[in-house]
**Q** 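The structure under discussion is supplied below as structure tokens; questions concerning it will follow.
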Amino acid sequence: MNESAWDGTLSASEFSASAQAFAEKWKLNNPAYPPWTWVKSLEVPIFATNQVSLVEEGYLSLENVCIVKSNDDEVASCVEGEASLYDKEDEESTDSATLTSSGNDNVQPYYFDFHIIYSASFRVPVLYFRAYCSDGRSLGLNEIESVLPANSAKVLLESKWTFITQEEHPYLNRPWCKLHPCGSSDWMKLLFQAVEKVDRPAMELYLVSWFSVVGPVIGLGIPIQMLKEP
Amino acid sequence: MKEAQEFVWMGAIPLQIHLHESEVTTVPPPPPALILAPRIGYLPLLLPLIKPYFSSTLPPGVDTVWFEYKGLPLKWYIPTGVLFDLLCAEPERPWNLTIHFRGYPSHLLIPCEGEDSVKWNFINSLKEADYIINGNCKNVMHMSQSDQLELWNSVVNANLEAFIRSSSKLKSGTIEDDYASKISWMVLGKVPVRLYVWNVSEDFGDMEDAPPIDSWDRISYVNRPLEIHREGKCFTLHDAIKTLLPELFGKKRKPSEGENDEQSFGSEEETKNNRMTEEGEGNISQPLETGSTADDDPEIKLLRIQGIEPKLETPISWVANHLRHPENFLHVCVYIKVPSAKSL
């Protein structure tokens, strides 16, 4: 066991392993959502003493997640089979794919693509995402912030650790939104010390814990079961 | 060290900037703007110099400025010198660019709201470099707003004296290894590098014949810190490229052998002399020697940093210390020919 203090970061190969573990747990515990897929960016031979191992570098992708925002600032995801929310004042029961709203506004569904990409510079995962309307039009940064659930907008405003910027996707040459990584190692370290009471986590769980903090910021929660050891 | 820094900071690209024909409303059309652009600067910062040439001819509307070279929209956050080294295989003087004031391609380029966007991007890169070198962003975070502004302004004005004064507050230093002076900065032995790789599929004799880059998808951008291995042997520029592109050069990983002290210093001297001539004549980059089946291995056709083509045996510490940009990243443009179907 490594005795020196853990700095909250992980290596590229640890990220790849952790990503796999995360995707598996997600599939198991979040059946209502589509699964995360692994997009391979390259295969890197790593030479260590006498052996060569092949580490796959890539990123996690979850696309076409439908997020619906009603007037009451309640957010549900269309992909969930059951209706999760309905307006208290409205007696009509809800459809499985839509929410009713109290006002006369149409409920506009937005589609999100999420990519979890490893930053070699900061040695932490970084969340990239983009949003678009059903007609395919991309949403600008301001629009996205207004579409996010109220509590995540609050998190964005108040937290010095989580803020969103528009930057170029590391592989796709297109503008995406990025959740800033600078403080990630700090809060990951705190999370593990405070919650798990270990100095160094099992690296496979890194992404699960990371996502438990980052997910709610962009309206994606994870079920409690995912945080427990299998 | 100072001499090299001056060389880098004084480097400039003569630009001839044409207004896109769709935005010309006067007859005759305005002549192009001739601007000398600092290599270490960024295109949007030139706008105050350029706009007067065209303001009277623009159609009504709000300005959303972007630049383009032979149809390729230019990424504004890449330093001007790097764009030139990458996109002009055969250096074009003056470099003919097209400017647009309308119709920003926001599906391709991240938004640029003038100098603030460029400054923000610069400071973030500075933080990233700080993190790579020190394992934290404290140096940059502890700079006061006014110091950061002073640093930024020195870059905008390409004022090296002001930059040196400002960056002393950043506690920057030099990279240490056996072949460089020992003012230490590099706590973790990592160099911030941004590598722009153009994978050329065809062979071409002269740089003039190189096909133009028509899409950013043809360029592989590698933003990965370079870890210097201190094995008592010199870690060269060649070793650095191989380390940064393991998917291409995976067979050989160890630093080049057989480089004795004198030879390395020799190449250092040569490089110093060569850099005085911007043309880089006689400074042809060497084809990759792997000792294994040469046919299968990628060939480095061209490697440019700050407009020069350093010899591949140059110690990476020298390269990084002397040729880095103000935000502490080393930007390297490389044309590689991969013979087989291997791609990045």
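No hydrogens, no waters, no symmetry mates; every other heavy atom, side chains included, goes into these values. Chain letters run A, B, ... following the sequence lines, proteins first, then strands; residues in each count from 1.
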**Q** Let me confirm one number: the CZ-CG distance from A:F122 to B:N136, rounded to the nearest 0.5 Å.
**A**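 Going from CZ on A:F122 over to CG on B:N136, the span is 11.0 Å.
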**Q** Can you give me the closest heavy-atom contact between B:H107 and A:R174, atom names plus distance?
**A**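 Smallest interatomic distance, heavy atoms only, reads O-CD, 3.0 Å.
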**Q** Over all heavy atoms of both residues, which pair between B:P111 and A:Q166 is shortest? Give the atoms and the distance, please.
**A**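 Taking every non-hydrogen atom into account, CG-OE1, 3.6 Å.
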**Q** So for B:N124, is it side chain, backbone, both, or neither that comes closer than 4.5 Å to the heavy atoms of chain A?
**A**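 Side chain only.
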**Q** Relative to chain A, which segment of B:S106 carries a heavy atom at a distance below 4.5 Å: side chain, backbone, both, or neither?
**A**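 Only the backbone of B:S106 comes within 4.5 Å of chain A.
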**Q** Please report the closest heavy-atom contact between A:P175 and B:I110, naming both atoms and the distance.
**A**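 Closest pair (atom of A:P175, atom of B:I110, distance): CB-CG2, 3.5 Å.
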**Q** Kindly check if the number of other-residue, nucleotide or ligand heavy atoms within 6.0 Å of CD (A:Q20) is above 12?
**A**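 It does not: A:Q20 CD has 12 such atoms or fewer within range.
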**Q** Work out which heavy atom in A:N173 is nearest to a heavy atom in B:W216; give both atom names and the distance.
**A**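 Smallest heavy-atom distance, with atoms named: ND2-O, 3.1 Å.
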**Q** Nearest 0.5 angstrom please: A:E168 CD to B:I78 CD1, how far?
**A**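 Reported value, rounded in 0.5 Å steps: 7.5 Å.
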**Q** If I measure from the heavy atoms of chain B, does A:S121 come under 4.5 Å with its side chain, its backbone, both, or neither?
**A**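 Contact with chain B is through both the backbone and side chain of A:S121.
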**Q** Given side-chain contact (heavy atoms from CB on, under 4.5 Å), test A:S119 with B:Y131 step by step and report yes or no.
**A** CA-CA 12 Å; A:S119 162; B:Y131 194 93; over 6 Å; no
